[in-house]
Amino acid sequence: MLDIQLLRNDLDGTAARLAARGYTLDTARFQTLEAERKQLQTRTQELQAKRNASSKQIGMAKAKGEDVSAIMAEIATLGDELKVAETALEALQAPLNTLLMFIPNLPHESVPAGKSDADNVEISRVGTPRAFDFVVKDHVDVGAALGLDFETATKLAGARFSLLRGGLARLHRALAQFMLDTHTGAHGYTEVYVPYLVNSDSMRGTGQLPKFEEDLFHVPRTDAEKLYLIPTAEVPLTNMVRDEIVAREQLPLQFVAHTPCFRSEAGSYGRDTRGMIRQHQFDKVELVQLVEPAQSYATLETLTGHAEAILQALGLPYRKMLLCGGDMGFSAAKTYDLEVWLPAQNTYREISSCSNFEAFQTRRMQARFRNDKNKPELLHSVNGSGLAVGRTLVAILENHQQADGSVALPAALWPYMGGVQVLQPAC
RNA sequence: GGAGAGAUGGCCGAGUGGUCGAAGGUACUCCCCUGCUAAGGGAGCGUAGGGUUUAUAGCCUUACCGAGGGUUCGAAUCCCUCUCUCUCCGCCA
């Protein structure tokens, strides 16, 4: 959520910055609603002030045993007038809030203009794609002999689910363990175990609601509010500080969690239908930091580096992309995507997305710290995948496959695999 | 699932219809005193909005005592619904 003051003070400037990411702000509508809001709110507050003053008078008069019928008569119709004004104000604030909640974040000045991923800028390229002296198989074919089973998953749940057996299931677990240990041990994050179902306040806090409800799975309940399956651990991790004022000495907060993620993938029919690139359920190790505003862009760089460290340790070639305005997520001010090399697709595919949200999420959440003037100030939130476990597994199968159908595991994983260095077919 | 108790400011804790945004304590900030990491004295100290303003200063004002409704001229206080916490019983990975 943007600061509404920004819209009031510099509507055209804000609209121009939003245009850079392909969003057209309805400035006329905003101005109309704002003008009406101002008038109605002033009127309402005047009436409330009058009521408060009169009630106070009545209280004082009664305490002295005086007659209050004169004052009572004076404000006889006040209640009705107030009700009308309050109702009108409320009715106006709803669309105004909705408008505000649907406006995406402003792109940082360093974000390139552009409409789609074609306009993203490559920042760096690490590792060299391997030259194969045999016909490269994709992860579905490599995995088939190792325990990757889509038929059974489909029987159990439907399309866009996968099932792993044996060494492959262990590899999946090993990857998550390795990532967690690296981030807690080498990068200073605190491991957190979180709920996988969260309430709507949490979803609103990080920006999934109200705009992206159709992308989420939810669980209805009879008596209580429905719960949503998390699409990323970003939601619970960031919302940990919702409605909190964090002591400055505790900053930066660095959290890491390994969780399943659930996405309905509405609107992506026909895209990535083969394999486990795009699933309704996948595991991810997520990094979240909550920092002082002045630090957040430096944090974005280091956090992205933390995700890169995993790719490097696993010997996976990748490139780092700076997303253009039009390709960024709704809540982000600046995003780097890390794209891993997939030889079978002969291309780089997203495996991590690292973003600075500035105060966009924390404003919704009222997540603050006490600044050097001892005043509450909004934190900045920065997060990134470190990494998507399923896609990392895919990348390992494809990049480290061997002619005989086996897969050579990176040394970093050996301790997590009980010493197994190669996954052999026909497990 | 059954029975009961509770939810107040950073924390503790008073307050059951009226000058309550809320006593007191504690923490924190500033000042004084004290010759020394203690004690004492004084002052200040909630959040989010709106109006005014060059102003994130000041002034005026609104809302907020778990959440949402209701009663009333007036609600932290009364009524209803919900959420959460605690205690006891039952069940249970």
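Note that the structure is predicted; figures quoted are calculated from it, not measured. Below, read A as the first sequence line, B as the second, and so on, with proteins coming before strands; counting in each chain starts at 1.
- Between A:Asn9 atom CG and B:U52 atom P the separation is 12 Å, expressed in whole Å.
- Regarding A:Ile58, its CD1 atom lies at a distance of 18 Å from the P atom of B:G17, rounded to whole Å.
- Taking the C1' atoms as reference points, B:C65 lies 15 Å from B:C12, given to the whole Å.
- Close placement of the A:Phe330 and A:Phe360 rings is indicated, their centers lying within 6.0 Å of each other.
- Dashed line: the shortest gap from a side-chain N or O of A:Arg43 to OP1 or OP2 of B:U62 is not under 4.0 Å.
- As a whole-Å value, the separation of A:Arg51 CZ from B:U71 C1' is 14 Å.
- Base pairing annotation: B:U72 forms no Watson-Crick or G-U wobble pair, as no partner gives both donor-acceptor distances under 3.5 Å.
- Applying the 3.5 Å distance criterion, the base of B:G18 shares no donor-acceptor pair with the side chain of A:Lys56.
- A straight line from NZ of A:Lys62 to P of B:A75 spans 14 Å, rounded to a whole angstrom.
- For B:C59 and B:C45, the P atoms lie 11 Å apart once the distance is rounded to whole Å.
- Between A:Ser353 and A:Asp337, the shortest heavy-atom distance links the atoms OG-OD1, 2.8 Å.
- Distances shorter than 4.0 Å separate some side-chain N or O of A:Asn52 from OP1 or OP2 on B:A63.
- Rounded to a whole Å, the CD atom of A:Gln57 is 16 Å from the P atom of B:C73.
- Straight-line distance between the C1' atoms of B:A93 and B:C88: roughly 23 Å, to the nearest whole Å.
- If you measure from atom CD of A:Gln41 to atom P of B:A63, you get 11 Å, rounded to the nearest angstrom.
- Under 3.5 Å, the side chain of A:Gln5 and the base of B:G49 form no donor-acceptor pair of N or O atoms.
- More than 12 heavy atoms of other residues, nucleotides or ligands sit less than 6.0 Å from atom CD of A:Glu66.
- Nucleotides B:G66 and B:C86 have their C1' atoms positioned 15 Å apart, rounded to a whole Å.
- A distance of about 29 Å separates the C1' atoms of B:U61 and B:G24, rounded to the whole Å.
- Rounded to the nearest Å, the gap between the P atom of B:A27 and that of B:A55 is 40 Å.
- Per the geometry, CD belonging to A:Gln39 stands 21 Å off P belonging to B:U61, to the nearest Å.
- Following rounding to the nearest Å, A:Arg242 (CZ) and B:C84 (P) show an atom-to-atom distance of 14 Å.
- A:Arg370 has no side-chain polar atom (N or O) that falls below the 4.0 Å cut-off from OP1 or OP2 of B:C45.
- The shortest side-chain heavy-atom distance between A:Lys155 and A:Phe161 does not fall under the 4.5 Å cut-off.
- In this structure, B:U87 forms a base pair with B:A3, meeting either the Watson-Crick or the G-U wobble geometry with both donor-acceptor distances under 3.5 Å.
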